[in-house]
Number of protein chains: 2
Amino acid sequence: MNESSSEPGTVRPGGRTARVREAVLRAAGDALAEDGFDRLDLAEIARRAEVGKTTLYRRWGTVPGLVADMLGEMAADSLPRTETGSLDGDLTAFARLVLGTLTDTRQGPLFKALIAAATCDEQTATALHRFYRVRLDEWAPCVEAAVTRGEIPAGTDPHEVIRAVSAPLYYRLLASGDPLDEAAADRAVLVAVAAAKAGVFVA
Amino acid sequence: MNESSSEPGTVRPGGRTARVREAVLRAAGDALAEDGFDRLDLAEIARRAEVGKTTLYRRWGTVPGLVADMLGEMAADSLPRTETGSLDGDLTAFARLVLGTLTDTRQGPLFKALIAAATCDEQTATALHRFYRVRLDEWAPCVEAAVTRGEIPAGTDPHEVIRAVSAPLYYRLLASGDPLDEAAADRAVLVAVAAAKAGVFVA
DNA sequence: TCGTTAACGCAACTGGAGTCCCGTTATGAA
DNA sequence: TTCATAACGGGACTCCAGTTGCGTTAACGA
């Protein structure tokens, strides 16, 4: 709210400031994964990170602000994409990756918490959307390659295909509570491939 | 936690108690839709419902407890299913219904808040899953009818088809932030139908 | 190396969410 | 209608998340 001075951490971003930021973001991730979004207080994070809680309130202000920063960090480190030579193989690799993330003991609850945080705060929502945008851009090329190979029709929207694979897994995680297993992941891939070949994703 | 006495509202559920419950659930819905899950305090709901806040804490205990009760109520009133005579038509009606709910000024934010609450509390999560189970059961017959008509293969899992239609819409609402419009709803239907005809949902 | 000051840490403070006590209302059974 | 008591309401109290003030540390330019 104070527009006369710059945000803390921008003028002297090196050394101690960077160490504090790293420790806090890691501690926040742990705390989010363990306790969930609502049971979180910054004092707990400060203790874990061995940092004064004043620092947290001054630099990030609120829990959503901190979460938004975390998401920016997560979007920065891209994850490797496999190239198997077929759309089915590539999408299966992607689906397994998403499945692994969402069922991971630490990352699953973390993603739940991140999404919960995004529903409560506009800034966090923007950061979350940017994160998924990056993920989609990262994996879109495997769909484009399938178009080049002639597996699926020209003009197919790559983002739509990737979304179609992700969506059922997130739906199970967040809404329906149905089991998140390899069968679900593989079925999501089959659905997306069948639809793509039928030309449903052609713009 | 007090197992020696029954829950409040179970011995004298009529008259005043019922009025209080109704007023509180409505006020809670309004507050959730307007303020979101985290900015909620029971005192605010008590003011809206013109009820003492002591009553809220005594009957529901916490915000998640109240939300879980709300979800039970929402699952109770089923929503009408249209019969158009074709799988495509029925699923489009369903997709439009979901779309309408999620983009509604009041219900959209409410659902976001409900899902956020479910990620934070096990009791709420159970209530949410039950809610979607009811929804799925309600719409499954239109898939079974399509099997009977021979539109899609025998053995198709009805729930999977309905889930396939819902998932992309919820994914947009909660995760990616992509636009929630009729194009998205219609595409979700096309995807589900194409996959169903290809036999992807056969158990 | 030195000086300026950004950024941090400690501890005292504050406001409001959640609890508790006790008197009041009105439900449901006799 | 009467009575016992389930359920509600008001208000005081507690406790801790979040704030503030001020002294300390260390980043970075000269």
Side-chain angles (χ1 to χ4, degrees), chain A residues 1-28 31-32 34-69 113 117 120-121 123, chain B residues 1-28 31-32 35-69 117 120-121 123:
Chain A
M1 302 304 171
N2 185 358
E3 63 279 339
S4 64
S5 73
S6 56
E7 289 293 299
T10 54
V11 178
R12 288 182 185 176
R16 179 171 61 170
T17 299
R19 283 195 302 278
V20 164
R21 191 175 116 97
E22 192 186 357
V24 167
L25 290 185
R26 186 152 35 79
L32 268 184
E34 289 173 25
D35 301 336
F37 160 65
D38 63 331
R39 266 160 231 154
L40 207 61
D41 68 307
L42 297 193
E44 164 69 15
I45 297 178
R47 237 174 293 133
R48 287 178 190 248
E50 294 177 320
V51 155
K53 71 170 178 171
T54 315
T55 301
L56 288 186
Y57 284 106
R58 212 173 352 235
R59 275 194 70 177
W60 290 281
T62 62
V63 173
L66 177 55
V67 172
D69 192 19
C120 299
D121 177 74
Q123 183 193 1
Chain B
M1 302 303 170
N2 185 358
E3 62 278 337
S4 63
S5 74
S6 55
E7 290 291 301
T10 54
V11 178
R12 289 183 185 175
R16 179 171 60 173
T17 299
R19 283 195 301 277
V20 164
R21 189 174 118 98
E22 192 186 358
V24 167
L25 290 185
R26 187 151 35 80
L32 268 183
D35 299 337
F37 161 66
D38 65 329
R39 266 161 230 151
L40 207 61
D41 68 306
L42 297 194
E44 164 70 15
I45 297 178
R47 238 174 292 133
R48 287 180 191 245
E50 295 176 317
V51 155
K53 72 170 177 172
T54 313
T55 301
L56 287 185
Y57 284 106
R58 202 167 13 224
R59 277 194 68 177
W60 290 281
T62 61
V63 172
L66 177 55
V67 172
D69 192 19
C120 299
D121 178 74
Q123 184 193 1

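These numbers come from a predicted model, not from an experiment. In what follows, every chain begins at residue 1, and chains take the letters A, B, ... in the order their sequences are listed.
Contact record, B:Gly52 with B:Ala46: C-CB, 4.1 Å, taken as the closest heavy-atom pair.
In this model, the phosphate group of D:dC8 is not approached by any side-chain N or O of B:Arg21 to a distance below 4.0 Å at OP1 or OP2. Checking the phosphate oxygens (OP1, OP2) of C:dG18, a side-chain nitrogen or oxygen of B:Tyr57 falls inside 4.0 Å.
A straight line from CZ of B:Arg58 to P of C:dG18 spans 16 Å, rounded to a whole angstrom. Following rounding to the nearest Å, B:Asp38 (CG) and D:dA17 (C1') show an atom-to-atom distance of 14 Å. The CG-P distance, from B:Leu56 to C:dT19, rounds to 12 Å in whole Å. Separating the CH2 atom of A:Trp60 from the P atom of D:dA17 is a distance of 19 Å, rounded to the nearest angstrom. B:Leu66 has its CG atom 16 Å from the P atom of C:dA17, to the nearest Å. The distance from atom CZ of A:Arg19 to atom C1' of D:dA26 is 9 Å, rounded to the nearest whole Å. The CZ atom of B:Arg39 sits 14 Å away from the P atom of C:dA17 (whole-angstrom rounding). Separating the CG atom of A:Asp41 from the P atom of D:dC15 is a distance of 17 Å, rounded to the nearest angstrom.
Between the two ends of the helix from C:dT1-D:dA30 to C:dA30-D:dT1, each summarised by a five-pair axis, the helix axis turns through 50° (rounded to 10 degrees).
Evaluation of the side-chain hydrogen bond (donor to acceptor under 3.5 Å, both in side chains) test over residues 52-62 of chain A, restricted to residues two or more places apart or in two chains, returns A:Trp60-A:Asp69.
For A:Ala28, the side chain to side chain contact (heavy atoms under 4.5 Å, CB included) partners at least two apart in sequence or on another chain are A:Ile45, A:Leu66, A:Met70. Under the salt bridge (Lys or Arg N to Asp or Glu O under 4.0 Å) criterion, A:Arg48 pairs with A:Glu34, A:Glu44, not counting sequence neighbours. Partners of B:Arg16 under the side chain to side chain contact (heavy atoms under 4.5 Å, CB included) rule, at least two apart in sequence or in another chain, are B:Arg19, B:Val20.
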Run the side-chain donor-acceptor check on residues 35-43 of chain B: report pairs under 3.5 Å with partners two or more places apart or on a different chain.
| from | atom 1 | to | atom 2 | distance (Å) |
| --- | --- | --- | --- | --- |
| B:Arg39 | NH2 | A:Cys120 | O | 2.6 |

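Closest to the B:Arg16 side chain, of the nucleotides C:dG18, D:dG21, C:dA26, is C:dA26. The side chain of B:Arg59 lies closest to D:dC8 when the candidates are C:dT27, D:dC8, C:dA7.
Within residues 46-55 of chain B, the residues approached by DNA chain C to less than 4.0 Å at the level of any non-hydrogen atom are B:Lys53, B:Thr54, in residue-number order.
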Just the table, please: protein N/O against nucleotides 28-30 of chain C N/O, every pair under 3.5 Å.
| from | atom 1 | to | atom 2 | distance (Å) |
| --- | --- | --- | --- | --- |
| C:dG28 | OP1 | B:Gly14 | N | 2.9 |

